[in-house]
Amino acid sequence: FGKYVLAQNNHCVGEDVIKYNLGEVAPYNDHEKLELAIKKLETVIKSNTRNPNHEIYAEKHQVNNLLTSFKEVVKR
């Protein structure tokens with residue numbers, strides 16, 4: 001948590017990266033977009049910009065919350 005990431009632009013991880021602005025996404029096997037995403041990440045990391053969404057994401061996804069969610073799913 002708290003680190004910018006690079007992910008594919010689909011599935012759960014990619015969706016969370018977009019939703020919470022946790023980094024950059026790129027399509028699988030698209031080298032041009034991957035290179036562009038890496039350059040964007042380098043710029044953000046060098047600017048030392050703090051992203052408050054990291055804390056929101058971490059709070060929402062902490063272990064206790066996940067355990068509660070799993071228990072609710074199992075009850076169904």
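Excluded from the calculations below are hydrogen atoms, water molecules and symmetry mates; all remaining heavy atoms, backbone and side chain alike, are included.
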Test of understanding: clusters of I, L, V, M, F, W, Y form through side-chain heavy atoms closer than 4.5 Å, transitively. Do [X] and [Y] belong to the same one?
X     : Y     : answer
Val25 : Leu36 : no
Val5  : Leu41 : no
Ile45 : Ile38 : yes
Ile56 : Ile18 : yes

With sequence neighbours left out, which residue pairs that include part of residues 44-63 fulfil the salt bridge (charged side-chain N to carboxylate O under 4.0 Å, His left out) condition? Arg50-Glu55
Working to the nearest 0.5 angstrom, can you tell me the gap between [X] [atom1] and [Y] [atom2]?
X     : Y     : atom1 : atom2 : answer
Asn29 : Leu34 : CG    : CG    : 9.5 Å
His11 : Asp16 : NE2   : CG    : 13.0 Å
Asn9  : Lys33 : CG    : NZ    : 8.0 Å

Taking all heavy atoms of Ala37 and all of Glu24, pick out the closest pair and write down the distance. O-CG, 3.6 Å
Closest heavy-atom pair and its distance - Val13, Ala7: CG1-CB, 3.8 Å
Backbone N/O of Leu22 and side chain of Asn53: donor-acceptor pair under 3.5 Å: no
Applying salt bridge (Lys or Arg N to Asp or Glu O under 4.0 Å) to Glu35 and not counting sequence neighbours gives Lys39
Examine His54 together with Tyr4 and report whether their ring centres are nearer than 6.0 Å. yes
